[in-house]
Engineer: 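This is the structure I have questions about; it appears just below.
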Amino acid sequence: MSQTEKVVATLQTLATGATGQATHHDIAAQIFASQGFTKLSDKYTGHATEERDFAGQFMARILDLDGQLQHEAQPAQQVFTDIKAYM
């Protein structure tokens, strides 16, 4: 495997992780909003946006390196509905 292929593989792993974490934060934001924690919901929505931006940067670099983007499966994560358990 060439150095470029290794870099592309690493970037893909980072992009996949960032998109998964962004989705998880979107879910948490929705739960917080439904429970009346508006500021916390806004904070987690902001985290999700930042993570998607990072994923976009990783994907752009993969394309710059003539790599191929993958849509990889995300591992399941526990969804907390009790804010105390989440924190």
Engineer: Identify, with sequence neighbours excluded, every residue that meets side-chain contact (heavy atoms from CB on, under 4.5 Å) alongside E50.
Structural biologist: H47
Engineer: Please say yes or no: joined through hydrophobic side-chain contacts below 4.5 Å, possibly via intermediate residues, are I27 and L40 part of one cluster?
Structural biologist: no
Engineer: As an exercise, state the distance from CD of Q12 to CD of E5, rounded to the nearest 0.5 Å.
Structural biologist: 14.0 Å
Engineer: Rounded at 0.5 Å granularity, tell me how far CD in Q57 sits from CZ in R52.
Structural biologist: 14.5 Å
Engineer: Which atom pair, heavy atoms only, marks the closest approach of S41 to A29?
Structural biologist: OG-O, 2.8 Å
Engineer: Work out which heavy atom in H24 is nearest to a heavy atom in Q78; give both atom names and the distance.
Structural biologist: CE1-O, 3.1 Å
Engineer: For M59 and A15, work out which heavy atoms get closest and say how close.
Structural biologist: CG-CB, 4.1 Å
Engineer: Could I get the full list of side-chain contact (heavy atoms from CB on, under 4.5 Å) partners for Q30, not counting sequence neighbours?
Structural biologist: none
Engineer: What heavy-atom pair brings T81 and I31 nearest, and what distance separates the two atoms?
Structural biologist: CA-CG2, 4.1 Å
Engineer: Would a hydrophobic clustering, with Ile, Leu, Val, Met, Phe, Trp and Tyr connected at side-chain separations under 4.5 Å, put F58 with L69?
Structural biologist: yes
Engineer: If you round to the nearest 0.5 Å, how far is CD of Q35 from CG of D82?
Structural biologist: 7.5 Å
Engineer: Donor-acceptor pair, distance only, cut-off 3.5 Å: does the side chain of T16 make one with the backbone of T13?
Structural biologist: no
Engineer: First locate atom CG of L14, then atom OG1 of T19, and finally report the distance between them rounded to the nearest 0.5 Å.
Structural biologist: 10.5 Å
Engineer: In terms of hydrophobic clustering (I, L, V, M, F, W, Y; side-chain heavy atoms under 4.5 Å; direct or indirect links), are Y44 and V79 co-clustered?
Structural biologist: no
Engineer: Show the nearest heavy-atom pair for residues A48 and D26, with the distance to one decimal.
Structural biologist: CB-OD1, 3.2 Å
Engineer: Do the non-hydrogen side-chain atoms of Q77 and Q21 ever get within less than 4.5 Å of each other?
Structural biologist: yes
